[in-house]
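Presented below is the structure to which this report refers.
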Amino acid sequence: MEKLQLSKDPYNIIITGVGGQGNVLGSRVLSNMLVRKGYYATIGETFGASQRGGSVMSHIRVSAKSTWSPQIPRGRADLIIALEPVEAIRVLMIYGNQKVMVLVNTRPIYPVGVIAGELEYPPLKDIKASVKELSSTALFIDATDEAIKLGNSILANIIMIGAATRMLEFPIDREDFNQVILGSLPESKLDVNLKAFDMGARMVG
Amino acid sequence: MSDLIDQNEGVQYLLMGNDAIARGALEAGVSVASGYPGTPSSEIIENLSKVARERNLYVEWSTNEKVALEVAAAASFAGLRSLCAMKQNGVNVASDFLLHLAGSGTRGGMVLVACDDPGGLSSVNEGESRHFARLVEIPILEPGDFQEAKDMTKWAFELSEEIKNIVLVRSVTRMSHASGNVRFGKLPDTHRHAEFQYHGPMLDPDVGQVTSAPVVYKHSLQQEKIEKTKVIIEDSPFNTYYGPENPELLIITSSACYLYTREAISLLGVEHRVGLLKLGTTWPLPPKLLKKYLSITDKIMIVEEVLPFLEENVMVLAAEHAKEIGAKSFYGKHDGTIPMAGELNPDLVVSALSKVLGIDYMTMPQEYESKFELPDLAKAPERERTFCPGCPHRASFWSIHNALQLDNRKGFVCGDIGCYAMARFACGFNVNKTLHAMGSGAGIASGFGKLGQFGMEQPVLAVCGDSTFFHAVMPALVNAVHHNSNITLVVLDNGGTAMTGFQPHPGLAINAMGDEVPDIDIANVCKAIGAKVEIRDPFNLEETRKTVNGLIEDEEGVKVLILKQECALSPDRKHKKSYNMRVDETLCLGENCGCNRLCTRIFRCPGLVWDKEKKKARIDEVICVGCGVCSYICPVAAIKIGEAA
């Protein structure tokens, strides 16, 4: 295998969202694509009670050299993939920095406190402006809307992974994705997942 | 994950810590594995159950952790290698047997894997298994990364056979539920023969009886095993040192804290000033190795979770050898350098290390952090934990809450461990008022139910899940019936051990390996014990409410209400809509409704949202799973239930 190098080692990715959005699967798929290429990937994630409607975060550390801490230090994210818009803000305020890139799915999932009228959910345009203020690159895609067109809103996570691969410097592509899901998804779901991946990749050009 | 055995030796794979532990057990040739589900430990037994057939294993989800340990011990007594896995408080449950097992010793290699949960990320405690291991005098191994999680589990079986006693492998959430690269080793032949030998002299460890008596004799033998362990681990590859020959500061650490500490040293750029001693064998400590590294500097910092376990053991060792190694300054939990409660992370270690070394370190530049105060910056509203959309618990607690309100005698619910523990929050209408260990809801209720003698007139309820019922509620129910305690136990039967990923339990006709087994009917058990039993569907709100009212008005003895409805995440219900829900905007009265937005303000289902612009309730199509329950709560029947497409 060729000698791997990273312009920043470890490279830190956070996938954030709400329990039930397929956050954990997304982080596994992306990390498996990287491990196939010979990188070290360390994932830290919280599940269990936090799945029940709470904010969920996966930390991915990519390295050419070693395993890293499964928790990223404050202010040290390089790419944030937010499956839900306000979760991007929440994560930026802990792990953000001026150089961070952010990819956001624009479909809100309202916290029950907002549904009950106790809390305010900021307008999408304010979220967009704030994400831009707190990052170097901010991309917004309607991943859930596109996933619904593919027949299942849960595919938004794969659309986001497809889009994210276009923002990363790692040599990973559709074929790596294909190989990873071949081993982990039932055959009937392969085609629609590939379509979702391609759609994501197209959406960020 | 059958990937665990399909893949190739020598190649690196991405494995979760729990997968790595399971693979290590397979590489060691484990034959029997048992456990009780509990986050963050469940995937170990789950993984082994999936390869049971191919690898000739017997795997079971036992009724509780004590039984699980007994089942695994039997395999060891018959000469097989066995593993038992549980979360930290499972060790409390198993501890009575563990104490006696440690005294009797084992035969085939036996490993207890305990997954602790510093910070209580998925627990209502942050108790530690390490203290139990020291208490019952058995060795502890703690992996410092994912490769070690596999290699160490494998080696734990060898150590167990060498000292003829059980060995604890201690993991934590950030190891068990984190993932990293692991290189696989060989899988051994799967043919093994079990036989329990007892034909020899009574006290013979291999062919005698298996018991912890005579106590003092066996206890001394057990302590000799610990002394033997100390010698074996002096050269262990799981204890490593990186750093200069004579560092300014020596850090001693283990487990996930090793990764945090490495990160902290790297962030501060102090590799030339700090030595890092990572211990994989944390009890007993290897005395010569410790003496050697304690000699290289006078300042020692200890980084661990949660209580100062390593710290105190190192201090004792340093005191014993003070004449040779000199006096030391210790930094850690006792002097307040590191927090005594909660989990650690790289930032907390950086903060401690920078204090000890006198370095100024900013985690985030001031100019970036100051942006958080900008008046226009959007703020993320807090996301409280709630029951999933379609969860039967929301419906159950809705009815219990309404029944208690109508009853108006300040009734309350004693809570228990499971998703329904959240009923102390708004999602369960705050009806649960106590929360402790598995089965404690029923036990505490049994006590409350006897306080009528002292003038207490409040109705007493307890809740438990179906798996919890078998795990620890049955003795409490027997107690309540036998003592004629006036309580109502509500069994929230959702058809599996739902919170941890839907593992089977004795109430189901299937076991961990997918075989058909006899199922034990909860209603029949309760009736046999002598309780009055009712069964309802919690999705039928009105009938459930009426039944609860009837039961709590009946002041004679123990009443059991079984609310049967499958978990929304069960394999049968997941990703399937029962109904297509919609709000008829022409009927919805919005803010003018006399109920003051019962649907969204009180019911609080994530799938039923409030449209701020239209000022009407609305179904969120992406979130709603179509359970249909909300259609019964709207006073003007504006929430319509339709056939699923």
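The sequence lines fix the lettering, A, B, ..., with proteins before strands; numbering per chain opens at 1.
The line from NZ of K379(B) to CZ of F372(B) is 9.5 Å long, rounded to the nearest 0.5 Å. The CD1 atom of I72(A) sits 8.5 Å away from atom CD1 of I80(A), with the distance rounded to the nearest 0.5 Å. In this structure, NE2 in H59(A) is found 12.0 Å from CD1 in I43(A), a value given to the nearest 0.5 Å. Considering CD1 of I89(A) and NZ of K128(A), their distance stands at 12.5 Å, rounded to 0.5 Å. To the nearest 0.5 Å, atom CG of residue N105(A) and atom OG1 of residue T16(A) are 11.5 Å apart. Y258(B) OH to Y242(B) OH: the interatomic distance, rounded to the nearest 0.5 Å, is 5.0 Å.
For T144(A), the part sitting under 4.5 Å from any heavy atom of chain B is the side chain, from C-beta outward, and nothing else. Of the two parts of I109(A), the backbone and the side chain both hold a non-hydrogen atom closer than 4.5 Å to a non-hydrogen atom of chain B. Within the 4.5 angstrom heavy-atom criterion, atoms from both the backbone and the side chain of R604(B) approach chain A. Contacts of E84(A) with chain B are made by side-chain atoms alone, with heavy-atom separations under 4.5 Å and no backbone atom involved. Residue R597(B) touches chain A through its side chain alone, counting heavy-atom pairs closer than 4.5 Å. When heavy atoms are compared at a cutoff of 4.5 Å, F603(B) does not approach chain A at all. Looking at L374(B), the atoms closer than 4.5 Å to chain A (heavy atoms on both sides) all sit in the side chain, from C-beta outward. Of the two parts of I60(A), neither the backbone nor the side chain holds a non-hydrogen atom closer than 4.5 Å to a non-hydrogen atom of chain B. For a residue to count as touching a neighbouring chain, one of its non-hydrogen atoms must lie under 4.5 Å from one of that chain's; by this rule T261(B) does not touch chain A. Only the side chain of E369(B) has a heavy atom closer than 4.5 Å to any heavy atom of chain A. Interface remark: L344(B) contributes backbone atoms only to the contact with chain A (heavy atom separation under 4.5 Å). When heavy atoms are compared at a cutoff of 4.5 Å, L267(B) approaches chain A solely by way of its side chain, counted from C-beta outward. Looking at N345(B), the atoms closer than 4.5 Å to chain A (heavy atoms on both sides) sit in the backbone and in the side chain alike. For chain B, the nearby parts of A41(A) are the backbone and the side chain; heavy atoms of each come within less than 4.5 Å. Residue contact with chain B, scored on non-hydrogen atoms closer than 4.5 Å, is absent for L124(A). For S153(A), the part lying near chain B is the side chain, with the backbone staying farther off; criterion is any non-hydrogen pair under 4.5 Å. Interface residue I623(B): only side-chain heavy atoms are found under 4.5 Å from chain A. Residue contact with chain A, scored on non-hydrogen atoms closer than 4.5 Å, is absent for C599(B).
Ranked by heavy-atom pairs shorter than 4.5 Å toward chain A, the options A178(B), P381(B), G180(B), A617(B) are led by P381(B). Contact count versus chain B (heavy atoms, under 4.5 Å) is highest, among N152(A), N97(A), L119(A), V114(A), for N97(A). Listed options D126(A), N32(A), I127(A) were ranked by heavy-atom pairs under 4.5 angstrom with chain B; first place goes to N32(A). Top candidate by heavy-atom pairs under 4.5 Å with chain A, chosen from A378(B), S42(B), S179(B), P346(B), is S179(B). For the set T500(B), D145(B), V11(B), V609(B), the count of heavy-atom pairs under 4.5 angstrom toward chain A peaks at V609(B). Top candidate by heavy-atom pairs under 4.5 Å with chain B, chosen from G96(A), S31(A), A156(A), P70(A), is G96(A).
Between K149(A) and D142(A) there is no salt bridge, since no side-chain nitrogen of the basic residue lies less than 4.0 Å from a carboxylate oxygen of the acidic one. Between K577(B) and E621(B) there is a salt bridge, with a side-chain nitrogen of the basic residue lying less than 4.0 Å from a carboxylate oxygen of the acidic one. E175(A) has no carboxylate O lying under 4.0 Å from a charged side-chain N of R36(A), or vice versa, which leaves the two without a salt bridge.
Here the side chain of S351(B) pairs no donor or acceptor atom with the backbone of D347(B) at under 3.5 angstrom. Panel note: side chain T253(B), backbone V303(B); a donor-acceptor pair is recorded below 3.5 Å. Proximity of a side-chain donor or acceptor of N12(A) to a complementary backbone N or O of R76(A) within less than 3.5 Å is detected.
Under a cutoff of 6.0 Å and an axis angle of 45°, K37(A) and F170(A) do not form a cation-pi pair.
Shown here for P571(B) and F502(B), the closest heavy-atom pair between the two residues is CD-CD2, 3.6 Å.
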